[in-house]
Each structure stands twice: as C-alpha cells, then as structure tokens.
Amino acid sequence: MNSNIPFLNASIAQALDYTAPILFAALGGVMSENAGVVNIALEGMMRFAAFFGVWGSFVSGNAWVGLLWGVGIGIVLGALHAYITVKWAGDQIISGVAINVMAMGMVTYLLESIFRTTGYSPPVAYFGAPASKIHLTFLKGIPILGAFAELTILIWFALILVVVLHFVLYHTVLGLRIRAVGENPHAAETLGINVFKIKWFAVIAGSVLAAFGGLALSLGTLSSFTNSMAMGKGFIGLAAMIFGKWTPFGALGAILIFACAQVLQLFMQGTATGFAKLIPLGFYLSLPYMLTIGALIGVVGKAVGPASDGVPYKKES
Amino acid sequence: MKDVLKRIVFGKREKYWWMNALVPLISILLAFIVGAIFIKITGRSPVVAYKLLFGASGLFPGPYWKSHFAEMLLSSSMYIATGLGFAIAAKGGLFNIGAEGHFIVGGIAAAYLGYAKPFAGLPKFIHLPLIIVGVMLAGGIWGAIAGYLKAKRGIHEVITTIMLNWIALYLIEAWLVTGPMKAAVETGVSGTPYISLSAKLPKIFPPTRLNISIIIILAVTFLVWYLFYKTTFGYEIRTMGHTLIFGMEAPKAAGINVERRTIQTMFIAGAVAALGGAFMILGVLFQYPPIFEGGYGFDGIAVALIGQNEPLGVILAGILIGALRTGATTVQLAHIPKTFPSIIEGFTVAFIALQMLIRYWIMKFVMRKKKSIQSEMGGGAK
Amino acid sequence: APKTEEPVEETIKIGLVTDVGGRGDRSFNDSALRGLETWAGKVQYVKGGGYEPISDAEFNASIPGDLKDKNIQPLGVSAMVLESKDKKDYIPNIATLVEQEECDLVIGVGFMLAGAIGESAEKYPDTKFMLIDAAAVDADGKMIDPPNVVGYLFNEHECGFLVGAVAAYATGTGKVGYIGGMEIPPVLRYEAGYLAGLKTIDPSIVVIGQYTGSFTEPALGKSAAESQISQGCDVLFHAAGATGNGMFQSICERGAPYWGIGVDVDMGLDENLCPPRTLTSSLKHVDYATYLAIKSVVEGTFQSGLVTMTLKDGGVGYAPDHVADALTQDQIDKVEHLREMIIDGIFEVPTDPDDVDSWTPPTGF
Amino acid sequence: MKALEVKGIVKQFPGVLANDSINLSINKGEIYAIVGENGAGKSTLMKIIYGLYTPTSGEIFVFDKKVDIKTPHDAIGLKIGMVHQEFMLVARFTVTQNIVLGDEPSKGIVFDYKKALSEVKELSEKFVLKVDPAEKVANLPVGIQQRVEILKILRRGAEILIFDEPTAVLTPEETEDLFKTLMKLKKDGKTIIFISHKLKEVMAIADRIAVLRRGKLQGVVEKGKTSEVELARMVVGRDVVLKIPKAEAKVGGTVVSVRDLMVKSKRGIVGLKGVSFDVRAGEIVGIAGVEGNGQAELVNALIGFTRPVNGTITFDGKELRVITPFNIRKKGMAYIPKDRKMRGLVLPFRSRENIIMGQHTLYPFSKNGVLNSIEIDKFATKKLEEFDVRPRDIHTKARNLSGGNQQKLILAKEMSMEHKFLLASQPTRGLDIGAMEFVYHKLIEEKEKGVAILLISLELSEIMGLSDRILVLYNGEIVGETTPDKTTEEELGLMMLGLKRQKRVAQ
Ligand SMILES: Nc1ncnc2c1ncn2[C@@H]1O[C@H](COP(=O)(O)OP(=O)(O)OP(=O)(O)O)[C@@H](O)[C@H]1O
Ligand SMILES: Nc1ncnc2c1ncn2[C@@H]1O[C@H](COP(=O)(O)OP(=O)(O)OP(=O)(O)O)[C@@H](O)[C@H]1O
Ligand SMILES: [Mg+2]
Ligand SMILES: [Mg+2]
C-alpha cells in the first residue's frame, strides 16, 4: 500500500490548499463577529484583495508587495465597513452587501482598465511557485505529515492564525474585551471600555484576514486574478464560521470537513467505475455542500453566536 | 388624500415621514456623484457615461426608448421577484441568501412544465397558470427546506441557504440539464428542449418582448404588502422579525406558532423568488440553457435593501436596478466596462447603510440647530 | 453614440457579442476577438477603451503556424464589441449593434446565442449574422436556416482524437488525465475524441477524468490536476476554458515529466500559461472561422447556412508545440497517418463519450 | 461635603420631557432614595449622571467640582458606579471575567485569569458578598448576579453608588442581604443613591427621600419626618390604600390540575420533581418560594415551552397530551411573564400592535385572517386608558416606554384577553405603588369573575395578601400548602428555605 502514500499526502495537501482561503475568510468573520459586527462582505473583501494583490505583484514583480497591497485594501474596506456600521450605527448587512456589490463592479472595472481584459489577469509572482514554498523535506514520504512538506507560506500562516486567534480571543485582555463587546456592549461600555474603538479594531482586523483569504486565492494557489475567483468562497467562509460556532478551531474543523469532501468528490469522480459511473456528475459536485448540511443535522446542532452580533451599537442620547 | 398616501406609503405617525423617501433618493444621488468621480479618476468622461447609461436605461424618452423601456421592465420584474424573496424573509427575521437558488429552481421548474408532455399540450389559459403554480411550489419547497432546518433543528439559515444554492446549481446544471432533461441531440439544441407556445408569457408591448411578467410581479408585490400589513399571518411574521434574531420569545409565548411560520415564511420567500427564474425562462430564453449564471438572486439582496425591505420600496429599487442594467451594456459603446452600473448600485447600498449620517445631515439642514438634533433622532450620533 | 471614431461611411462595420465569458478568457471569446480585431481589423484593444493599430510584425506573429498558408490579410473593417453580463443581454446587445451602430455583420460567440441570433435574424433581415458553435434556432427551439445567418460548427472530436493519440504515445505511466468544465456539447465532443484517440493507440491506458462544474475557476482546475497527478497521471488534457489555466499552473510548477495539452487555441504560445510543458493543443479555429465570415461579407460572397470546420479544411487541428520532443518520428508519422485517415473519411470519431466503449478503433497503431 | 449635586437637569426625548429642571444635592455617606411613579424620569436621571445620556441642559457637581460626564468612562473616573435596572452583565462570562472586565490583571497582553480569580475572591470576602468566582453568570440566580454587579463597581473604587430598582428582582432574603451590604457600604463612607417602588424598603434604609413626578422634583423629605402613607401620596398624587382588598373566594370547579409533574430545567437537570396541585375557578393560588426552586420549570411546562418528563396537566377536565403555547392559550390561558423584554413584548412594535398579540386572530381584531385596524385602535386606546399606560399614545413603541409602563402594557394585553386561567409570574415587578394597587384590584376582580389564578411571586406580602391558598415550592417540590390566615410570613419564609415542612391539606 506504500504507493498510496503520495496520493494520500497529495490529497491532504490539496485539501489544505482548498482550506486556506476559506479559513482566512472564516477567521475574519470570527474576529469581527466576536466583537458584534456581522461581516457578510467577506466575499467582496476577498475579491478586492485578490485583485489588489495581483496588481501589486504585477507592478512590482514581487509577491510580498502584492501582499501589502492586498492588506492595504483590506484595511480600507474594513475602515469603510466600520465607518458605516460602528461610527454611524448603520445596518451591518446592508453595509456588507454594499461592499460585495461594489466588489463585483469595481474590480471588473479596474481589471479592464489595468489589464485590458474583463476576465483574467496575466500571471504574476506568487507564493505557490516551487521556489517560494516552504520546504520541509524531512517530512516527505511520511504518511499524512508528508502533506506538510511543501506548502505555501499562506497556508502555514492560515493554520498558525487559528492558534493565534484562539489565543488572542480567549487568553488576552484584548480578546476578553472583544468578546465582551460582542456579547453585551452596554455592559462593556458601563465598565468604561471604549466599545467603538474595540469594534473598529475588530472590524478592520477581520477585514485584513478576509483580505488574506483573497490573497491566498490569487497569490497562493494561483498566480493570477480571475473574475470568478472568490465566487462563493467568502460565503462558504461565513457559513463555516457559523458552523464552527464563531470560534477559530470550530471554523477550521468545519472547513476541513468541507475541503476533504471536495477532494473526495474529485477523487470519486475521477475513479468512478461500474455503478459509481452511473451517478450523475451533479451529485458528485454537490456532495461537499450536502455533507455540510448533513453534518449540521447530524452532529453539530444549534449554533448560538455572540449575543449582540449584528445589532448596531448606538450610544443612547 | 395626502394622509391616506402618507399612511400607505410611509406608515403614518412618523413626524418626519418624508425622510423615509428622501433618504433613498439622496443615497441614489450621492451614488451617482461618487460614480462620476470614480469614472473621472479612471480617465473617462462621466458625462458620456451617464448619457449612454440613461439614454439606454428606458427611464427617459429618446431614440429606441420603447425597446429600452421594455427591456428595463423585463429585468425589473426579475429583480423585484428576488428582492421580494429577500425582503419577505427579512420581515420574518430570516436572512435569506437563497434567492439565487430559488431563482434557478424556478427556472428549471418552468422549463420542465413548459415543455414536458402532459402539460405542453394544454391550452394556454390552463398551461400558464399551472406553470406559475408549479414554479412557486418548487421554489417554495426549496425555500422551506432551509426554513424547516431552521425551525426544527436550529440550523442557521445563512448556512443552509448558501449550501442549497450550490446544491441547486449542481443538481440542475450538472445533472438535469445535461441528463434527464437534455434536449434530443437531433434538435441541435443544448440545454433543455424549448417550451411550448402555450407556456410563453403573452407579450404586451409589441414589437418589444415585454410581457406580462411585470404585471404578475406587481400583483404579487401587492399581495405581499397586503399579507404583511393587513393580515394576521403577516402580523405574526413581523412579530418574529423583530424578535427571532435576538432570541426573544414573546411571539411564542403569545401562542404564535413560530416554527410553522418560519417554514411558511421561507416557503413564500422561495416561491416569489422562483417567479423571477420563471420569467426568465418563459419570457426570455424559452428553455433552460446549459449554463445559467444570472446573479439575480444576489442582486435581489441589494434591491431589497435599497427598497428598505418594504414592498413598494422593492418595486422602485427593482426598477432602478433594472434600468441601470439595461443601460449597462450600452456604456460599452464608449468603452466603459459594463460593470460600471454595479459600482453605482454598490454605492447606493452603501449610502443606504449610511442613512443615519444622511438623516443627520437632513436634520441639520432642516433644523439648523445642532442641539436638538440628537433628541429628535432619538439616538445615533454623539 | 459618441463620435470618437472616424466616420463609418465606407468602412464595413462588424459587431460582435461575446457570451458571458467575456474578453480575456484566453480561449474561446479571445479567439473570436482575434479573428475580428487583430486579423480583420488589424487593431488591438487598448485598456481604457478604444483601438489602436498594430504593426505588420505584430499582425504576422498573431497568425498561428497551421494557418500561415491561409492568406490571412487585414480586411479594413471596424469592430464594435459588446460583452454580455447576462443571457438576457444577448438580444438587446444585438439590437444595439444593428440599430444604433448599423453593423453589417453581427457575430454571436457561442452556442448560447443560438436563440438570440435566430430571433434577431428574422427581425433584421438586412443584417448578416454569424453564429459560432451552433445553428440558429427560433423562439420555439427549431433549427432554422434564414438567408442572413451563417453558423460555424467545429469537429472538436477530430482534434480531440489526435491529441488523445499524442497523449497515448507520450505517457510514461499509462495513466492520463482529462479535465472538463461542464458537460456541454462541444466539451463532450472533445472528451469523446480524446478517449477514442487514447483507445486507438493503447486500450489499456487508464484515464482519470473529472468535471469541475465551471469554466471560470482555475483553482478547481489546479485541484483536479493535482489529484490526477498524485494518482499517477503524467499527461493532462483539459476542455474547461479558464478553469484549465489551473491545470497548466500545476504542470508548470512540477515541470518534467508532466505534460499539459491545451484546448481551442495554441496554448503552447501563451506566455501566460506553460509553453515549456505544453505537449500540444487541440485547435479549434474560432478565429479563422470568424475571419472567414467577415471576409465573405467584405467580398460580398456571404452565404448562409451551416459550415462545419474540420480537419480537412484546417478549421480544427493539433498544434506541434512539443510533440517532436515527446514522440518518436515513427509515432508522429502514425498520428499524421490517423489525421489523413480521418480527412479521407476512413473512419469516424465518436462524438459522445458514452459511445467510445462500443466504438471499434482502427488497428495498427 | 456634598457627594453629588445636579442643577437644572433637563432631558427632552422626542415628545417626552423626561426630566424637567431637576435639582438634587446628596451628602457624602448618606443613603439617598429616589421614588416616583412609573415613567417619572428616575432611570433617565441616573443614566445622565452615569454618562449614558446627554442631558439637554443642566449641570452636575461631584464632590463640589463641576464635572462634564460624557461617557461611563468619565463617570467611573469620578468614582461613580451604577447597578442598572437591567443588569449589565455578560452572561457567557464567568463572575470573575465580569468583575475584572475593563480593568483586567494582566501579564503583558495576556489576561492573568488566575490573578483575577484570586482578586475576586479577596474582594468578595472583604465586602462579605459571597460569589463563586469561576461560575458562569448565566447560571446564577439574580440575587447573586446583583452581587456581581456590586462587586464590579466596588472593585473600581466607587464612592457614589447608584442602584436603579435593585430590589425589584430580589427575594425578601436577598433584599435583606442587599440592605446589609448597603448599610456596610454606608459605614465605609460610601454614598448611595437608591431607587425603589417599595416604600417600606425606602423607609427602612434611606436617610433622605426625593420624590419625582412627571419629570419634576416633587420634594425631598427626611426619613424621620415622613411616613409611608405620606410618601405614597407624594408619589401618585392621591391617597393610596396600601392594604390589599380582601375578597371571599367563591370557588368553582377545577380549571387546571397538575399531577406528578416532572420538568427538566434548561441546564438539563430535573428542576421540578413531581408536583401536584389544582387551581379552581374563582381562587388565587399563590406559589411562594425562593427563585430557582422550580418556578421557571413550572411556568415553562404550563405554557408549553418545555415538555414535561413525566406527569399530566389537565385543563378544564381534559388531559392535555401535548401542550404548545398556541393550544393552551386557545383553551383559555393568559400568561403574565416575569421577563417583559424576552417574553412579554415586541419592543419595536407600537402599543397598538403589542396589545393585540395573542388575540390578533380573534374577532373583532381580525376576520378571516384580515386585521381590522379601526377596531384595534379603538381597543388599544381604551386599554391604555384603563391600565394607565403612559404615554397614552397608541403609537408609542414599546421600546420607548419606561419599565413600569411596559409592564402595564403587558398586563393590559393579557388581562383583557378572554381567559379562564391566569398564570401571573411576578405581575407587579417594577410597578409604582399606584399601579400596584390597581393590579391588586384587577386580580381580585378577575377572581370574582371566576377566573382561576396561579400567582407566582417573590413578594411574600403579595402572596399573603392575595392568595386563597399558598403552595410553597422548595427544591422542585411542594413542601407545604397553607392559607394566609393559618400562617405567618415568618413561617412561610422558613418553609421556603426548606427548614420546615408541612403536610399537604387533602383537597
Ligand atoms: N489559564 C488561563 N489563563 C488565562 N485565562 C484563562 C485561563 N483559563 C481560562 N481563562 C479565561 O477564561 C475564559 C474561558 O475559558 P476557556 O477559553 O477555557 O473557555 P470556557 O469558558 O471553558 O468556554 P467553553 O468551554 O464554553 O468554550 C477565557 O476568556 C480565558 O481568558
Ligand atoms: N429612549 C427613549 N426615547 C423616548 N422616550 C423615552 C426614552 N427613554 C425613556 N423615555 C420616556 O421618558 C420617560 C421617563 O422614563 P424613565 O425610564 O426615566 O422612567 P422611570 O422613572 O425610570 O420609570 P419606571 O419606574 O417605570 O422605571 C418615560 O415617559 C419614557 O417613556
Ligand atoms: Mg426606570
Ligand atoms: Mg422601573
């Protein structure tokens, strides 16, 4: 069975590859929603960042510069979302939808203005190039661990972030305050916590994480921007965040289920013989989504978010 | 008369009732201004862009006005359908991202009932209503799945509606349309067979292809409004809308069957959004093509939000977005990307979200006296 | 419309409506645009809008090797391209091109436009129409043949067959991959041809085939490619539009001994993909078909009806790319022989993947 | 020294003048009570002092210095602390996390939870306020939650402590504990502002008492120079009979009969362990007991929120197998919940919409599922008048009503619904003395009309005064049944603490 090890490892690596962008998005959601601000603009932020990352990398020839550009647009969008929802207590859903719609229009507009195409950018320097990957040669050949032998830096970053975010949220003063603001901002305020500051911070930090999700798409796995790049990934990140009960590890678990189902789906489709060959393609393709709902029905049950999630916080007058 | 209008349109008793109308208008205006700045920055002429955009939007008279107008209403009827799909659920406190899925489920149901044998032979006055009912049933059931999982299992509707969108997409496009419902190879048609003549929506504005879809959706919108505000059923949905997301139990304690209403709300939302897909098939494409990405469902969210989740608002917002989209392809004549109107749409929604700020400005303008603003607004800025 | 362009009195104006894929897909739509803009118009699209002329050198470089002998010359037409955001836009876009822009010929790219072209052709009998990949149909879905529409079809299974044969010779592991976008007719024809080609050379070759469900998601293409490679495939072919870009990325990251096979256009020439590891490409000359249709309008020889582009007339084919590096001369000769057999009608390539199992391949390869 | 002075405070809400030039001057080290009818503007004034509201005009002085309090942060800086009418706690956090929030012990950026735990433990010992520092707040009874609130502000070194209706949610024992704490704090030199509707409490603990009426200061009296009766008159502007009218029960047939009812609590343990009792037409059965001894489970089972593990509930002679709020209400049950925000009202709804909730499907409010707004408005106008809900405007949103008026709106809604059985869970919570009197009359009236009433209250005087029979609930069981004339508050108190059991009277 030794010959199966490369395949197993490659499959896990692929699942991780698939996981990273969605994980970033979900962590962005975790960050923002733990402070009580719903961010359904994860999708739009990913799209913006995916594009700006490619743009930056294209202009400079350096993927790290692209990364900075992507983070930059993440900050700008986060600030916009925070300005609307925190400063002016605007509806968080509406603000999120606004950013998503703008992402649809503006990015395509810029794509055409800059690259003379409406669909696909040229390839640029990226993190997935063999030379840019993190090589842990000693792991090669070991079952499962071998999957980690050649990952992009962004995947590692996503995985490490899960731990970091968990630590920040549950073991630091800042995390305690963030969660307090998300649970009961009025209580936090009566204790002298600057609710607005915390929310501003969490929203912008969450947006930057979502931006990393976009970057993982355009500069991690691939080396270019395509118009349909983020299509749905941000929303799946949102779903994973809820599935994972608004916690970093929960989100990771949810996405791993989904990513493994995706890889499994491709594998089953490719090797289908006999009866399995008769199963229509649509069932294979929808398998990950059905499994997610199934997992929710079977195991996870009711998810309860931060108590004041989505409620605009207004200072009484 | 004014009072009646006020009461119908704005809900009476608001001291500054006209604000509710003014805020979206100002939002739209601001969006156009910001859009112009954006165009200017990217090196194009806003004047040309808006001339083309509005010239072909169908909103204003001009050459080819008739067909633009028809195209606008065709689009609008679909946007209103998906917009209502979101708004209905929102009224019940549910966050429905599933309009996209309902739209395509409606489309495939319309296509099937439109071409399949036992139905295709029926006379039009039976066939068409039958299709509409079937479409609403199909979309309704697809919506009710999310409602059921929410009510009985507590599974968040955001997850289920997102997942169900994809499931619908793949089952339809990677199974039904390329499998059991595929048109016979000899016909040379890809996608499903074409619907029969009796399934096509009657045209009402020849020679354009405008059809009764706009009339149907206006009637449906009126029914939805009536349902919300005039019936006990709508009353119950609204009690849920104000409590469900906060975990409050007052409606339940008052004997309202919250679980059943949740399912029903999602059913209605799905049924109405599915109409949009049916309009597309029965009035524009006449078959379900192999690939059918529209984005009408997602734009429906924006439509609902611009329309403040109110039926009348959804109609107006649907017309606005329909007009923008109708004018959109024409801006390419000046080599402006066709997605330009999406930018305006996005800014409009953003300014709607910023309505506290806009209200603040208006109040400041009206009162010219900062002191009393805060108490008049009852919260917000400090 | 703004009068930014020169008066249109003498020049012939060609309109083109893309399908929802749009400009920049590196395959189908771009191919049609090359036929119109680069070849017939001798211009290039500039970012920010408008066209600028191109040099003779650029013009010559744009013509692929297998079309060098087709005498492609600029036709002096002006181009007007409208992209569609939605299927509903096809008819209004065509109407704009006919009514407002008064185009002489309107091209619909893709079988998705079959209905729109069919309806418009009846409405505007004085305008000529060209449809790619389909015959026009009317509002009832019946194939029609109006006097002002020419439809171009392509025998994708023929070129798919030849790249299948090349793949069969090139594989070292006896396993090859196939990545499809969605199960639509042209893609299925590619698949059928590819499978038949493989079967002809070596029935024992294992094919791992996957559909990604999308033509626009390179990430899925990459993922499918990785999966196939880890299962031992070393030659991969895709018919998945831009989704296939991901396949090339995967191939490029790994380098030898993996080979990728392009689709529709000669992807071995596309710097943005993976020229060093592009074994061949199955060519479907949408560009040439577009050019031919425009030429017929310019020269007044326009003929309605259906034209099928085949191996025989150079409308489909396979690109030489790295075939000479991977195959022996004997093998290349055999592929060429197969090509001639198809041209001569000695055998027929199946058009449906389901028929390949029961199809009897020619022997001796 | 003056600890706190407010001068000319005005607060204008849209359409409501909540505070009308209020002047108060509070000495250091005194317990200063503020009383006033519902909606008088007490909470508003306190929120202004704590920086939650911006006054329309007026000045505040703290320890003789003019201050500008813009946020609670400013207030905390000035050593002002406030225990709010609705607790400001993070339910999912532990006691410790709640107490240290905003001023956390830390090692660098890391939250030093161990240190926080020990700090809280110390604090709780120092002020003799017993809490379990590691318990989650959501799992605590309100009395303890209030201790957490007090500890919170004490930890921040508050010198001026504001309590907005702290006793409304407490049991008598908890109230006594609180008073002990307040006296101790006073001895430590802290200044306390205390808001309550219970004049007896005010008389027991306050040094001076300010009376607010319709946003205006009515007067300030010293405790020694006034009486409950006089205070009551100042509050409502008329004489109030504090005694509950007594009416003989004309008992009819059994309406609700509960047998061996076992119910699990939200946390999964059995909270009600096999309880049996009857409620008959025309009688009020009082349930006495310390909160958390099964009342919530009993209520939840009766209205169909929780399915009992075991036992039966018979309504009007018919055993109900499955109870849902819908079918039990249809059978003729009205329910006054103790938590008005969670279970009583739809806050963004207007009074007219709230008042028909539950009977909206009935004629004349609707016919064939279509609402009749004219009838609804007529009805709402009438009921707001009858139950003295202020403001009288049927278009006021419930959210903008004061706590007491929200309660009155619920009473108006539930008591005007046709019913045979009334389940009243703390019906007078947060009501001013005039309103309380009104509710007592209402309950008696209902009983005389033959309604069966189950009254759950923490207020022993209420139970003793109103009930025809009293059941004592302790640890999920009925440990005694008695009548008001056969027992005393002291005896009841012992039973409620499980220290005394009594044989049930055979029915
Ligand atoms: N050893 C510790 N050091 C610092 N903080 C701690 C420690 N243990 C617990 N905490 C604090 O207690 C809080 C909750 O602890 P933890 O993260 O273990 O989750 P929990 O309360 O058990 O919740 P749940 O198990 O429901 O997720 C956190 O906010 C954390 O800051
Ligand atoms: N945010 C608000 N908007 C409008 N009106 C308000 C608001 N808050 C309070 N009011 C009104 O101000 C008045 C005073 O309310 P407040 O809460 O101070 O009363 P209160 O004395 O605390 O009453 P209670 O004893 O019932 O708690 C009431 O008429 C109330 O309706
Ligand atoms: Mg109060
Ligand atoms: Mg009160």
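A, B, ... follow the sequence lines: proteins, then strands. Residue 1 opens every chain.
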Counting only heavy atoms not in D/Arg392 (residues, nucleotides, ligands), do more than 12 fall under 6.0 Å from its CZ?
yes
As an exercise, state the distance from CZ of D/Phe305 to CD of B/Glu249, rounded to the nearest 0.5 Å.
4.5 Å
Nearest-0.5 Å distance, CG of residue D/Leu362 to OG1 of residue B/Thr232:
10.0 Å
Which bit of D/Lys341 is near chain B, if near means a heavy-atom gap under 4.5 Å: side chain, backbone, both or neither?
backbone
Quick check: closest heavy atoms across B/Ala253 and D/Pro325, and the distance to 0.1 Å?
O-CB, 4.4 Å
B/Thr239 portion near chain D, given a 4.5 angstrom heavy-atom threshold:
both
May I ask you to check whether over 12 heavy atoms, not counting those of B/Tyr148, lie within 6.0 Å of atom OH?
no
Under 4.5 Å from any heavy atom of chain B - which part of D/Arg343
both
Where does D/Ile356 contact chain B at under 4.5 Å (heavy atoms): side chain, backbone, both or neither?
both
Check the surroundings of atom CZ in D/Phe326: do more than 12 heavy atoms from other residues, nucleotides or ligands lie under 6.0 Å from it?
no
Please list all pairs passing the side chain to side chain donor-acceptor pair (under 3.5 Å) test where one or both residues lie in residues 353-365 of chain D, with sequence neighbours left out.
B/Glu236-D/His360, B/Arg238-D/Glu353
Answer key: most heavy-atom pairs under 4.5 Å with chain D among B/Gly234, B/Gly241, B/Ala250, B/Pro251 is B/Ala250
Chain B interface, residue from D/Pro348, D/Gly304, D/Ser366 that has the most non-hydrogen pairs under 4.5 Å
D/Pro348
Straight-line distance of D/Leu347 CG to B/Thr243 OG1, nearest 0.5 Å
9.5 Å
Which portion of B/Tyr226 sits near chain D, non-hydrogen atoms under 4.5 angstrom
side chain
Is any side-chain heavy atom of B/Tyr235 less than 4.5 Å from a side-chain heavy atom of D/Met357?
yes
Using only non-hydrogen atoms and a strict under-4.5 angstrom cutoff, which residues of residues 254-263 of chain B touch chain D?
B/Ala254, B/Gly255, B/Ile256
